Amino acid sequence: MSDTKVYLLDGGSLVIDRFHMMWNHGPAGEVRFPCYSVLVDHPEGKFIFDTGYDYEHVMKVLPFEKPLQTPQQTIPGALAAIGLRPSDITHVINSHYHFDHCGGNRYMTKATTLCHKLEFEACTCPQPFEKLGYSDISFSPEVQQACAAQGGLTVQQPDPKADIYTPRFELLKGDQEVAKGVYLFETPGHTAGHYSMLVKLANRRPMLFTGDACYTKENMDKMVIASFHLDPVASLASMRRLKELAEQFDAEIFYSHDADSYKGYKLAPHYYS
Ligand code: 5PN
Ligand code: ZN
Ligand code: ZN
């Protein structure tokens, strides 16, 4: 914990309508928001929490989200800027398996892949309204097979960029301390098995990464959930849980897709420690 550094890796941006961001609240209108990954450089390993979106996937499947991503904003590009390669990452942790959180998983050829057991199950047989969210299954050759077998999404061709990507999954349940001072807290509702992450650091308040359990500070302040969700009631309960965790640990909250808050975040190559 005393040697832990946290880097925020910028992953570019996407556009949705504000009515999706603030469900049944609005006002409507385009909003461009950031996507980023969190690298926890820890004595027990190099953990990456979420891996952003894949530009080509979004252009193919959701071009209306108008992705903007430079080569420096891809996982290999962002890691290179701090002297790392994707193969240096020991663990990938996914808050959940929406396309804008797992698009870069396949670069991490040496990592163990952690997620909630329910999330892994959910993405193989999503509800019809979740299919776009779970549209990038490049993180798991196994899930690609399972989806194809169910007549769902077609199997994607092996990706030449993926090298010999053969992920080893560790499926978790309940709250977990995955390394000293690095906690995953169950925050379901947005998806079936969503995790938020809290990291304790030596020289500052703990950092609480909401994932998509809360997109922005405005969502939290107004207790309004996003329209993308599995269970709205559970989503709201998870926002309340995040508030309680922030109080309990005196943590600073880092939102997943908040353009305003993002301006105040320290981005790699700078880091929190
Ligand atoms: C950014 C974004 N766009 C589309 C979807 C979706 O269909 O489920 C989740 C989601 C997103 O976070
Ligand atoms: Zn999501
Ligand atoms: Zn998201």
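Bear in mind that the values here come from a model prediction, so they are computed numbers and not experimental data. All ligand and atom numbering here is 1-based and tracks the order in the structure.
Aromatic ring centres of F99 and Y53: separated by at least 6.0 Å.
The protein atom (non-hydrogen) at minimum distance from atom 6 (C) of ligand 1 is F228 CD2, 3.4 Å. At the top of the distance list for atom 7 (O) of ligand 1, counting protein heavy atoms only, stands G133 N, 3.3 Å. Looking only at heavy atoms of the protein, atom 3 (N) of ligand 1 is closest to E65 OE2, 2.6 Å. Atom 12 (O) of ligand 1 has as its closest protein heavy atom Y215 OH, 3.1 Å.
Contact check on E244 versus R240 returns no salt bridge, with no Lys/Arg side-chain nitrogen under 4.0 Å from an Asp/Glu carboxylate oxygen.
Using bins of under 30°, 30° to 60° and over 60° for the plane-to-plane angle, the ring pair F185/F249 lands in the tilted bin.
For H257, the nearest N, O or S atom to the Zn ion (ligand 3) falls under 2.8 Å.
A cation-pi arrangement is present between K266 and Y272 under the rule of less than 6.0 angstrom and at most 45 degrees off the ring axis. Cation-pi contact between K217 and Y255: absent, since separation from the ring centre below 6.0 Å together with deviation from the ring axis within 45° is not met.
Listed for the E119 side chain is no donor-acceptor partner under 3.5 Å among the backbone atoms of H96.
Between the side chains of D212 and H257, at least one donor N or O sits under 3.5 Å from an acceptor N or O.
Side-chain contact between T113 and E170 is absent, with no heavy-atom pair separated by less than 4.5 Å. Between L8 and F209 the shortest side-chain heavy-atom distance falls below 4.5 Å.
Judged by the shortest distance from any of its heavy atoms, Y134 lies outside the 4.0 Å radius around the atoms of ligand 1.
Rounding to the nearest 0.5 Å gives a distance of 10.5 Å between CZ of F47 and CD1 of I89.
Ligand 1 places these atoms under 4.0 Å from at least one heavy atom of F33: 1 (C).
Protein N/O/S atoms closer than 2.8 Å to the Zn ion (ligand 2), listed by chain and residue number, are H96 NE2, H98 ND1, H190 NE2, D212 OD2.
Taking only nitrogen or oxygen atoms, main chain and side chain alike, H190 does not reach within less than 3.5 Å of ligand 1.
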